[in-house]
Amino acid sequence: MIPLSRSGKEVGCRRMDEHGATVMPLGPRFKRRDRGCRGVREGDRMVRWTEQCIPTLRESPQDAEIPSHQLLLRAGMIRKLAGGLYTFLPLGLRALRNVERIVREEMDRAGALEILMPALHPREVWDRTGRYDVLRDVMFKIKDRQNRELVLGPTHEEIVTDLVAREINSYRQLPKNFYQIQTKFRDEIRPRFGLMRAKEFIMKDAYSFDVDSDAADKSYKAMFDAYVRIFARCGLRTKIVEADTGAMGGSSSHEFMVLADSGEDGLVECDACDYAANLERAESVSHAARSFDGAEGAVEEVDTPGARTIAEVAAFFKTDPARMIKTLVYLADGKPVLILVPGDRDVNEIKLARALQASELVMADDDRVKEITGAPVGFAGPVGLTGFRLVADEKLKGYRGGITGANKADKHVINVDLERDVPGLAYADIVFARGGDGCARCGGTLQEKRGIEVGHVFKLGTKYSEQLGAHYLDEGGKQHPAVMGCYGIGVTRTLQAVIEQSHDKDGIIWPPSVAPYGVEILVISAQHAESIQLGERLAAELDEAGVDVLLDDRDERPGVKFKDGDLIGLPVRVGIGEKSLARGVIEIKIRATGEMRECSPEAALETILEMIGANGP
RNA sequence: CGGGGCGUAGCGCAGCCUGGUAGCGCGGCAGCUUUGGGAGCUGUAGGUCGUGAGUUCGAAUCUCACCGCCCCGACCA
């Protein structure tokens, strides 16, 4: 129960009943509704602002940085309990339910079956795949009174696979795709940006089970297509990128990104073909081989006292860091490997591990570096170093006139021509791609962008089904592990992404499909009887027509109501005031376009419905 | 976990350097006036200045420790 002051009032909340809920009318009406702005729940009805709880804020709370987070708070949609933990207020919850509804409808349409798994799991389930250790740090771990170890589920591969292992026996029962919309718990290293990265958040997760990888590909494609529809229906423009599979394992995956400067993920897209990939994954080539001054000279040792980092050495030689050949010592499955990359580039360890076919890859510590190169950290170089595996980034191909460590303290070598001076060097793409690189597919140029990951689809293979015994019998009675896929959508994050992508200086601009209400009726003066009566009547009519209406009946100054209206950003705003009424008209304004129309009160219902239709999903 | 910043009334902030018992704007409440883009006047309520310890006659202010929050990084299904 919401604690209320004795008067039953609290920050803009009025007329709450003893259960802390707004008073509901008797006997819900049941209506068929198929549009977001036309209803979330059966039995909805026109809502008066004075009876709702929409605590808008004039100013942004200081701990909100990005527009969507500020607007969620200012529009009275969410409130913070603690870092990464938020309460959804009525307006925010309505929008969230709309996203959920779209997700649910599209998952159902795609043939997925909704279930609901526990959020609380016994540790043993996670031990069975070894992921207790993998995910140890992100899982919230608790004990019950019997001292049994439990975790709050960060994801559900183990749980669903265990279910399938018990319930699915025959190829006749496949394919199956189970999904749920449920709260996930992750002990994020750094929660941030409101709902964007929270410790507790709502996720739609789906898991497909198929007889073989061809069938699994079909399931994957079905989910991929469903995701395209889901995000389109949410009014989002998404970019689909190739992604790394990370701790999930599996063979391939795609992420659905909402492009935004505040996005946490970097990605590149080609300006010539349709290649796009997460930076963790992106392949790229250099546009041209690099040759520098002194390219013709012989390798020469130079004293570089105290110059250890790339920046220091570049400064010493008064040259570009790109001219340096950065030499790093890694241990690949325990064996030392020298890795060469351009001085202005960072090693992508995911790519490197793949290139080396190493299952464990760590940087050598200072002692090992000294042991291997014969020099302290900062002076490693490939020239003359034998007996070790050497791998260079392919962007170093044709590098001439480079500068690198001499494997002696305080010394570097110049005029390095890798082909000449380091014979037999192997090349691979092992650095992070970046904007301006060449596209590995078509040779076009990659553009670097940032995005919010709202969806992620994976082909998982048989990793989990084998470990958890999710086998089925084929026609010949032979046992096979089911081939799996998994598919996630960050529901709460998607909601925030909608706002991040659709707002202006005045507030949110809701796509109709997600908007908490379809129409706001703004009665300019609550004192003016004719206005308020007309507002109520029109609200009732719209309600009857299946449109969710918020009636701003507050006794506030017009400016306050207009500002709040823009802030909460419902798709259509109907203004009813004495002045326009004197001319026999009311005003209808589309939030997204600013388009304004006037019509007579008699024609209002029809006009509004028409405008919603024209601007609907 | 490393680096940086911030914690003073519901929200946004000043005061802190140079110690003397807390202030501004918005918001709340009451009244009057006002009513088409965040009104005006009057009155009023509201703060153990994040917590704890220390220095001092005296601490929001100085010192130390802790807690919380935000940003950057590492990490990320």
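Residue numbering restarts at 1 for every chain, and letters A, B, ... go by the order of the sequence lines. Keep in mind that the numbers below use all heavy atoms, side chains included, and drop hydrogens, waters and symmetry copies. Remember, it's a predicted structure, so these values are computed and weren't measured experimentally.
Within the shown strands, rG43(B) is the pairing partner of rC29(B) under the Watson-Crick or G-U definition, both distances less than 3.5 Å. If you check rA22(B) for Watson-Crick or wobble pairing at under 3.5 angstrom, you find it has no partner at all. The pairing partner recorded for rA53(B) is rU63(B), the criterion being a Watson-Crick or G-U wobble arrangement whose two distances lie under 3.5 angstrom. Base pairing annotation: rA74(B) forms no Watson-Crick or G-U wobble pair, as no partner gives both donor-acceptor distances under 3.5 Å. Of the nucleotides present, none pairs with rC16(B) by Watson-Crick or G-U wobble criteria with both distances under 3.5 Å. The nucleotide rU48(B) finds no pairing partner, because no Watson-Crick or G-U wobble arrangement with both distances shorter than 3.5 Å includes it.
With a 6.0 Å radius and a threshold of 12 heavy atoms from other residues, nucleotides or ligands, D261(A) has its CG atom at or below the threshold. The number of heavy atoms from other shown groups lying within 6.0 Å of NZ (K141(A)) is above 12. Shown here is E530(A), whose CD atom has no more than 12 heavy atoms of other residues, nucleotides or ligands within 6.0 Å.
The side chain of R58(A) approaches rC26(B) more closely than any other nucleotide in the set rG37(B), rC26(B), rG12(B). Distances were taken from every side-chain heavy atom of E59(A) (C-beta onward) to each of rG37(B), rG12(B), rC71(B); the shortest belongs to rG12(B). The side chain of E65(A) has rC70(B) as its nearest neighbour among rC70(B), rC69(B), rC11(B). When each of rG37(B), rC76(B), rC75(B) is scored by its nearest atom to the side-chain atoms of R192(A), the top-ranked nucleotide is rC75(B). Residue R190(A) has its side chain nearest to rG73(B) when only rA39(B), rG36(B), rG73(B) are considered. Out of rG36(B), rG37(B), rG12(B), the shortest distance to the side chain of K563(A) is found at rG37(B). Nearest nucleotide to the side chain of P558(A), out of rG37(B), rC76(B), rC6(B): rG37(B). Of the candidates rA74(B), rC26(B), rC11(B), rA74(B) carries the atom nearest the I189(A) side chain, counting heavy atoms from C-beta on. Here rG38(B) is the nucleotide among rG37(B), rG38(B), rC72(B) with the atom lying nearest to any side-chain atom of V560(A).
Taking atom P in both rC69(B) and rC32(B), one finds a spacing of 46 Å when rounded to whole Å. Distance check on atom P: rU51(B) versus rG5(B) gives 22 Å, rounded to whole Å. When the P atom is compared between rU42(B) and rC26(B), the two are found 12 Å apart, to the nearest whole Å. Rounded to whole Å, the P atom of rG7(B) lies 15 Å from the corresponding atom of rC49(B). Taking the C1' atom of each, rA65(B) and rA74(B) are spaced 27 Å apart, rounded to whole Å. Of the C1' atoms belonging to rU34(B) and rC71(B), the separation is 44 Å, rounded to the nearest Å. Here the separation of rC72(B) from rC66(B), taken at their P atoms, is 25 Å to the nearest Å. Rounded to whole Å, the P atom of rU55(B) lies 15 Å from the corresponding atom of rC64(B).
OP1 and OP2 of rU35(B) both lie 4.0 Å or more from every side-chain N or O belonging to Q527(A).
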Test log, rule side chain to side chain contact (heavy atoms under 4.5 Å, CB included), inputs W49(A) and E556(A): CA-CA 11 Å; W49(A) 193 304; E556(A) 285 286 356; over 6 Å; no
Derivation of the salt bridge (Lys or Arg N to Asp or Glu O under 4.0 Å) call for E114(A) and R104(A): CA-CA 8 Å; E114(A) 185 168 8; R104(A) 190 170 272 125; 2.9 Å; yes
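Note on K561(A): nothing from the nucleic acid sits closer than 4.0 angstrom, heavy atoms only. E587(A) comes within 4.0 angstrom of a nucleotide base, judged by non-hydrogen atoms across all strands.
In the interface, the side chain of R573(A) is paired with the base of rG37(B) through a donor and an acceptor atom under 3.5 Å apart. Checked by distance alone, S580(A) brings a side-chain donor or acceptor within 3.5 Å of a matching partner on the base of rG36(B).
E500(A) places a side-chain N or O within donor-acceptor distance of the main-chain N or O of S68(A), the cut-off being under 3.5 Å.
Contacts classified as side-chain hydrogen bond (donor to acceptor under 3.5 Å, both in side chains) and involving residues 194-205 of chain A (residues at least two apart or in different chains) are given here: Q180(A)-D205(A), K184(A)-D205(A), E188(A)-R197(A), R197(A)-E264(A), K204(A)-Y227(A), D205(A)-Y207(A).
The distance between atom CD1 of I524(A) and atom P of rU35(B), rounded to the nearest whole Å, is 14 Å.
Mapped onto RNA chain B by nearest heavy atom, P154(A) and Q62(A) fall at different nucleotides, with Q62(A) at the one closer to the 5' end. Nearest-nucleotide mapping onto RNA chain B: of P61(A) and E264(A), the residue sitting toward the 5' end is P61(A).
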